[in-house]
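Input: a single structure, listed below in structure tokens.
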Amino acid sequence: MTALDQTGAGPVAACRISPAVDLLFSRWTTPVLWLLNQDGPLRFVELERQLGATGKVLTQRLRQLERDGLVHRHYYAEVPPRAEYEITELGRSLAPVFAALAEWTDEHLPSVEKARDEYTGPLPR
């Protein structure tokens with residue numbers, strides 16, 4: 001009997017970080033949080049331009065991040081209306097995690113790329 005069978009809780013029980021990985025490393029989440037943490041509050045068009053994401057995709061991601069408490073949307077009722085997005089304290093608490101990943105990337109990505117170049121086995125389709 002596997003650990004998954006015994007707990008009945010599925011893969012999350014086997015890997016405690018799965019919920020965080022699902023939350024933080026879905027497409028566009030990390031770049032949005034990184035940019036807002038580095039640059040401070042940004043308007044939608046600035047995020048769109050800097051990230052290269054489509055408006056629809058960026059809107060969906062920002063709404064999810066706002067729902068999750070990682071980003072706050074400031075709406076200004078002026079003509080024309082504008083909105084700015086800012087990372088929250090909860091979002092900012094991820095800065096050490098992203099810094100550790102950046103350090104790991106700097107240190108280990110060349111080894112990963114070398115291993116990829118040397119790999120001779122079948123590639124997934």
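Position 1 is the first residue of the sequence; numbering continues from there.
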- Message: Give me the atom names and distance for the closest heavy-atom approach of L24 to L94.
- Response: CD2-CD1, 3.4 Å
- Answer whether the closest heavy-atom distance between the side chains of P81 and Y75 falls below 4.5 Å. yes
- Message: Would you say that V32 contacts L70 through its side chain, given a criterion of any heavy-atom pair below 4.5 Å between the two side chains?
- Response: no
- What pair of heavy atoms forms the shortest contact from F44 to G55, and how long is it? CZ-O, 3.6 Å
- Hey, are the side chains of L101 and F25 touching, using non-hydrogen atoms and a 4.5 Å cut-off? yes
- Does CD in E103 sit with more than 12 non-hydrogen atoms of other residues, nucleotides or ligands closer than 6.0 Å? no
- Message: Under a 3.5 Å cutoff, is there a donor and acceptor pairing between the side chains of R61 and Q64?
- Response: yes
- Have R73 and Y85 got a donor and an acceptor in their side chains that come within less than 3.5 Å? yes
- Query: Hey, what's the ring geometry for H108 with W104, parallel, tilted or perpendicular (30° and 60° as the breaks)?
  - Reply: tilted
- Query: If you look at every heavy atom in A53 and L58, which pair is closest and at what distance?
  - Reply: CB-CB, 4.3 Å
- Any donor-acceptor N/O pair, E84 side chain to L42 backbone, under 3.5 Å: no
- Taking every non-hydrogen atom, the tightest pair across W34 and A102: CH2-CB, 4.2 Å
- Query: How about R63: does its CZ atom have over 12 heavy atoms from other parts shown lying under 6.0 Å from it?
  - Reply: no
- Query: Less than 4.0 Å between a side-chain N and a carboxylate O, is that true for R116 and E118?
  - Reply: no
- Judged by modelled atom types alone, do H72 and E66 share a side-chain donor-acceptor pair under 3.5 Å? no
- Item | From L65 atom CG to S26 atom OG, the distance as rounded to the nearest 0.5 Å | 7.5 Å
- Message: Would you say that R27 contacts V57 through its side chain, given a criterion of any heavy-atom pair below 4.5 Å between the two side chains?
- Response: no
- Message: Show the nearest heavy-atom pair for residues T105 and P110, with the distance to one decimal.
- Response: O-CD, 4.1 Å
- Y119 side-chain N/O to P122 backbone N/O, donor-acceptor pair under 3.5 Å: yes
- Would L33 and F98 satisfy side-chain contact (heavy atoms from CB on, under 4.5 Å), going step by step from the backbone distance to the final call? CA-CA 9 Å; L33 293 173; F98 292 147; 4.0 Å; yes
- Message: Measuring from atom CD1 of I87 to atom CD of Q38, what distance do you get when rounded to the nearest 0.5 angstrom?
- Response: 9.5 Å
- Correct closest heavy-atom pair for E48 and T54 would be OE2-C, 4.0 Å
- Can you find a heavy atom in the side chain of R92 that is under 4.5 Å from one in the side chain of N37? yes
- When hydrophobic residues are tied together by side-chain contacts of less than 4.5 Å, even through go-betweens, does L90 share a cluster with I17? yes
- Message: Less than 4.5 Å apart, side chain to side chain, heavy atoms only: is that true for L62 and L47?
- Response: yes
- Honestly curious: do W28 and V21 fall in one hydrophobic cluster under the side-chain, below-4.5 Å linking rule? yes
